Structure formats: C-alpha cells, structure tokens
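For reference, the structure discussed in these notes is given below.
It should be emphasised that the depicted structure is a prediction, and the values quoted were computed from it without experimental measurement.
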Amino acid sequence: MTLLVHIILATISTLYALYTAFSPSKNKFRITYLLTFGTIVTGAIMTIFSPQLLGQVCVTGILYLTFIIAISWIAQKRFVAGRLI
C-alpha cells in the first residue's frame, strides 16, 4: 500500500512541478512542495520497513529530488520574471 501511495505521489508531484514551471504561482509552489514532502516521507517509510531497498531508494530519490529542484528553480525564475514585467 505504501508503495502505491509513493508511486502516485511521485507521479503527481512530478507532473504538478512541470505544470508549475509553465504557469507559476505561490499556491502551485506550495502544492508542489507538499507533494514532494509526501513523496519523501513515503520513501523514508518504505526504507525503514525494507532496509534492503536502501541503495535503490537513495539513488532514485536523489534523481527525483534533483529533477524537482531543477524544475522548481525554473518555475521560480519564471515567477519572478513575470512579476517584474
């Protein structure tokens, strides 16, 4: 069950982060951060209950966070640029 929730949260947060990059707003940033936090929490729970997956979870988590941070950075730049115009 945790795996299913984790996969759903990761997919939704990735898609929502992309959506935020194209149409940034404060609320969208908050939702992206909340979904990302949920993904990290479910990943941590899976790691606690299945420590043998630690290596795979860490590599995938690092890739996921790198992507989310990059997309959020782009969205933040677009948000600030939009407010200056």
Minimum heavy-atom separation for [X] and [Y], please, with both atom names.
X: I68; Y: S13; result: CD1-O, 4.0 Å
X: F22; Y: R78; result: O-NH2, 3.5 Å
X: T39; Y: T42; result: O-OG1, 3.0 Å
X: S72; Y: Y33; result: OG-CE2, 4.2 Å

Please check this pair: side chain of K28 against backbone of S23, looking for a donor-acceptor N/O pair closer than 3.5 Å.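 Flag set: sc K28 to bb S23 pair under 3.5 Å.
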Do H6 side-chain atoms and M46 backbone N/O form a donor-acceptor pair below 3.5 Å?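 No: the side chain of H6 does not pair with the backbone of M46.
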Heavy-atom side-chain proximity of T36 to Y64 below 4.5 angstrom: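 Of all side-chain heavy-atom pairs linking Y64 with T36, at least one is under 4.5 Å.
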Using a 4.5 Å cut-off on heavy atoms from C-beta on, say whether the side chain of T2 contacts that of F49.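 No; the side chains remain at least 4.5 Å from each other.
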Could you tell me which residues satisfy side chain to side chain contact (heavy atoms under 4.5 Å, CB included) with [X], sequence neighbours excluded, listed by chain and number?
X: T47; answer: L54, V57
X: I31; answer: Y16, L35
X: F67; answer: T14, L18, I71

Working to the nearest 0.5 Å, report the span between OG of S50 and CD1 of I45.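 Going from the OG atom of S50 to the CD1 atom of I45 covers 11.5 Å.
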Out of curiosity, I12 CD1 to I8 CD1, how far, rounded to the nearest 0.5 Å?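 I12 CD1 to I8 CD1: 6.5 Å, rounded to 0.5 Å.
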Should V59 and L65 be regarded as members of a common hydrophobic cluster, given that ILVMFWY residues are connected when their side-chain heavy atoms come within less than 4.5 Å of each other, either directly or indirectly?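 Result: no, two separate clusters.
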